[in-house]
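Written below as C-alpha cells is the structure these notes are about.
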Amino acid sequence: MKVSLLEAPVCAGSPTVGSQYAFGHLIKNGFADIFGGARVVPMEKPQPCGIPENPRMKGAAEVMAVSRVLYENVVRELAGGYFPIVIGGDHSAAIGSVSGSAAETERLSVVYIDGHTDINTEMSSPSGFIHGMPLASAMGLCCDYLTVGKRGAVRGEDIYIIGARSIDEPEYPIISENGVHLYTADCVRERGISGIMNEVMGSIEGNIHVSFDVDFLDGDIFPSTGYRMPDGLDIETLYSILGPVFASGRVRSMDVVEYNPLLDAGGRDLCRLREIFSHISELVG
C-alpha cells in the first residue's frame, strides 16, 4: 500500500511547545524511507479562521486553521489511494484527521490509543485545551467553531479508547451516555490485552482510523512528550493492539502525535519511534 506522511504542525491545543516540530524532525531523520519512500506532505501555512479568543477553547483559531487544512489533506490522500499517517503536533490534530477519514466512508470506527480519553467538550473541559476534545468534536458534541467536515462524523459506540489513565471527572458521563468503549491502563493490566482485543475486534464496525498518542506509553519508556505520566503501558502492548486492528484489513488512516523532539536531546525516543514506525510499515504491507 502507498503511504503518505502528513504534517500537522500544531501545539496550540496543548499547554506545551515543541510537538509541532515532530514532523520535520522525523522527515529529516529518514522516516519516509521506512515505508520505501513514503509521499511526504508538509502543510503550507494555514490561513487564519477568525475564531475569537475564548478561555474555554484555548488556541482555537490556530488549532482549527490546521484542522481544516489537515481535513482536506486526508481526504485528498485517501482519494489518491494512499494510506495517510498524520504526524502531530498535539492531539487536537485528530479533529482534522478523524473527520477527514470519515468523510468518504459510510461508517468509521476510531481506535484511540492514549493515556487520556480526550472526550471533553469546550463546556466540560477543566483546562480549556483543545487536545483534550478531539473525540467530542468527532461525535458532534462541540460547538461549530471546533467542528470540521460533517458534524457527528463518528458515533460514540464506534470509539474504542485503550490505555487511558488520566480521565477528567466530566468525561465519565460523556463516555457512558454515548456508548464509548473505554479500556483503561488498569483494565489492560487486569484483563490482559489479548482478551480485550478479541472483544474489540468482535464488535468493531466499518473502516478504522487509528490514533496513537505516545503518552499511552509509560513515562519512563517514552519521556519525550508534553504529558509524561507514570503507570503507562509498554511497546509490546501497543503492538498487541495494532496487530489485530491492522489484520482486519479495514484500517484506512492513522495518527502519531505528541512526540516532542525538544525534550529528546539524546535521541532515545526518536529511536523508539523508528522501531514503532518500522512495525507499522510491516503491518501496512
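Being a predicted model, the structure only gives us computed values, none of them experimental. Residue indices begin at 1 and follow the sequence shown.
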Atom CD of residue position E157 - does it have more than 12 heavy atoms of other residues, nucleotides or ligands inside 6.0 Å?
yes
Should we say atom OH of Y21 is surrounded by more than 12 heavy atoms from elsewhere, each under 6.0 Å from it?
no
Do [X] side-chain atoms and [Y] backbone N/O form a donor-acceptor pair below 3.5 Å?
X	Y	value
S14	T16	yes
K2	G80	yes
S125	N120	no
D90	S92	yes
R151	C142	yes
E171	D168	yes
R165	P230	yes
Q20	G18	yes
R189	T184	no
D158	V154	no

How long is the span from the [atom1] atom in [X] to the [atom2] atom in [Y], to the nearest 0.5 Å?
X	Y	atom1	atom2	result
M229	D218	CE	CG	9.5 Å
L217	D234	CG	CG	8.0 Å
M123	M57	CE	CE	10.0 Å
S109	H181	OG	NE2	8.0 Å
S19	I87	OG	CD1	12.5 Å
I113	I161	CD1	CD1	12.0 Å

With side chains defined as the heavy atoms from C-beta onward, is the minimum distance between [X] and [Y] less than 4.5 Å?
X	Y	result
Q47	R68	no
L263	P223	no
F246	M254	yes
V63	K58	no
L26	F277	yes
F216	F222	no
M64	I130	no
F31	D33	no

Which residues pass the salt bridge (Lys or Arg N to Asp or Glu O under 4.0 Å) test with D118, not counting sequence neighbours?
none
Here the side-chain hydrogen bond (donor to acceptor under 3.5 Å, both in side chains) pairs for residues 241-262, sequence neighbours left out, are S97-D255, S101-R252, S101-S253, H131-E258, H209-S253, H209-D255, S211-D255, Y259-D264
Going by side-chain hydrogen bond (donor to acceptor under 3.5 Å, both in side chains), name the pairs with one or both residues in residues 269-285, residues two or more places apart or in two chains.
S224-D269
Working note: E122 + Y145, criterion side-chain hydrogen bond (donor to acceptor under 3.5 Å, both in side chains); need CA distance, chi angles, decisive distance, verdict.
CA-CA 10 Å; E122 75 278 4; Y145 284 135; over 6 Å; no
Determine, stepwise, if the pair V214 / L273 fulfils side-chain contact (heavy atoms from CB on, under 4.5 Å).
CA-CA 9 Å; V214 297; L273 272 181; 4.3 Å; yes
V257 and I85: same hydrophobic cluster, using ILVMFWY side-chain contacts below 4.5 Å?
no
Does one hydrophobic cluster hold both Y82 and V74, with members joined at side-chain heavy-atom distances below 4.5 Å?
no
Closest non-hydrogen contact found for G89 with A22 is N-CB, 4.4 Å
Under 4.0 Å between a side-chain nitrogen and a carboxylate oxygen: does that hold for E77 and R39?
yes
